[in-house]
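Letters go in sequence order (proteins before strands), and every chain restarts at 1.
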Protein chains: 2
Amino acid sequence: MHLDTIDATILTHLQKEGRLTNAELAERVGLSPSACHRRVRALEESGVIQSYVALLDADVLGYGLTVVVSVTLENQRRETMERFENAVSDVGAIMDCFLMTGADDYLLRLRVKDAHDYERVHREQLSNLPGVTRLVSNIAMRKVFVRTELPVQGR
Amino acid sequence: MHLDTIDATILTHLQKEGRLTNAELAERVGLSPSACHRRVRALEESGVIQSYVALLDADVLGYGLTVVVSVTLENQRRETMERFENAVSDVGAIMDCFLMTGADDYLLRLRVKDAHDYERVHREQLSNLPGVTRLVSNIAMRKVFVRTELPVQGR
DNA sequence: GTTGAAACGCCTTATAC
DNA sequence: GTATAAGGCGTTTCAAC
């Protein structure tokens, strides 16, 4: 993937303001609207720009609690892992899931309303996940920050 | 925060397609364009909709490796924590940072290019963070999934 | 307080240079 | 990369429920 400085500037702006008009974006990066539009479309088609989304405030919506869960499976057979991975994506509270190196098999990050809500999710959904031997929950006391932008550098 | 079913539907759509035109959105939720527009603006002003952003593909950009780092501070004095938190937000590779309950003090999630890049970030940035006694790095072998949408329910 | 309709101005998009 | 033209959209204001 070859990005020049102008591409990087475009991405930096769109990562902060995804609804920038092409005219405004063109002015900020010092390009004509049509030239800017062509670059943006190329970035979209190459997959660098995956999608445009609205970010909601989890705290305002009442999903103020983050829980990180370490998962140990009963074994590391491919079938066990596949069954687990298929089931895990159906739990809406899980924001992300990684297959880890080290002591634990998977690491989940969940968004829930409060401790009581987490107890419910744990009981109704997590404890039913197939192939799981052990779940270790770590509750976040406070979100220091969460970033969605990636650092982009062009040349 | 009172959301009815239509608000929830609007949010669900905008979380997937943040650049939907108001006309298109209105049609999908079964409202007139002006009514829909008013609701969206209210959701923006109440802070439920935080921002609109472009999501970039970390893998395409070469940031394919996720590392989760557990941090232990030398003590839990407020001053120590504040100095750490201020410094941690300057490290661009850190995607999020939580103050945790349990054995570890902070949990960081990083995006880097590869193991070599992580070694550099660790040496140049993480090991210089103030007040840190211990850093335990856990490398993700594979991203199973990452979600940005929150579950929204109206009534 | 909420909805539907119309007019204006601006943006997006495509074509040509 | 720039310039131009056509179609579409958001915005605003109005009246009606």
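Residues A:Asp96 and B:Arg147 are not paired through a salt bridge, judged by the lack of any N-O separation under 4.0 Å between the basic side chain and the carboxylate. The pair B:Arg134-B:Asp105 fails the salt-bridge criterion, with no side-chain N (NZ, NE, NH1 or NH2) lying under 4.0 Å from an Asp/Glu carboxylate O.
Among the atoms of the strands shown, base atoms are found under 4.0 Å from some heavy atom of A:Ala35. At the heavy-atom level, B:Ser34 lies under 4.0 Å from base atoms of the strands shown. Residue-level contact check: A:Arg39 touches the backbone only, with heavy atoms under 4.0 Å from sugar-phosphate atoms and none from bases. Within 4.0 Å (heavy atoms only), A:Ser32 reaches at least one base atom of the nucleic acid.
Within the cation-pi definition used here (under 6.0 Å to the ring centroid, within 45° of the axis), A:Arg19 qualifies as a partner of B:Tyr52.
Taking side-chain N and O atoms only, A:His37 has no distance below 4.0 Å to OP1 or OP2 of C:dT12. Phosphate proximity of C:dG4 to B:Arg38: absent, as no side-chain N or O sits under 4.0 Å from OP1 or OP2.
Residues A:Pro33 and A:Arg19 each lie close to DNA chain D; by heavy-atom proximity, the contact nearer the 5' end of the strand is made by A:Pro33.
In this structure, A:Asn22 atom CG and D:dG1 atom P are separated by 12 Å, rounded to whole Å. The distance from atom CD of A:Glu24 to atom C1' of C:dC10 is 13 Å, rounded to the nearest whole Å.
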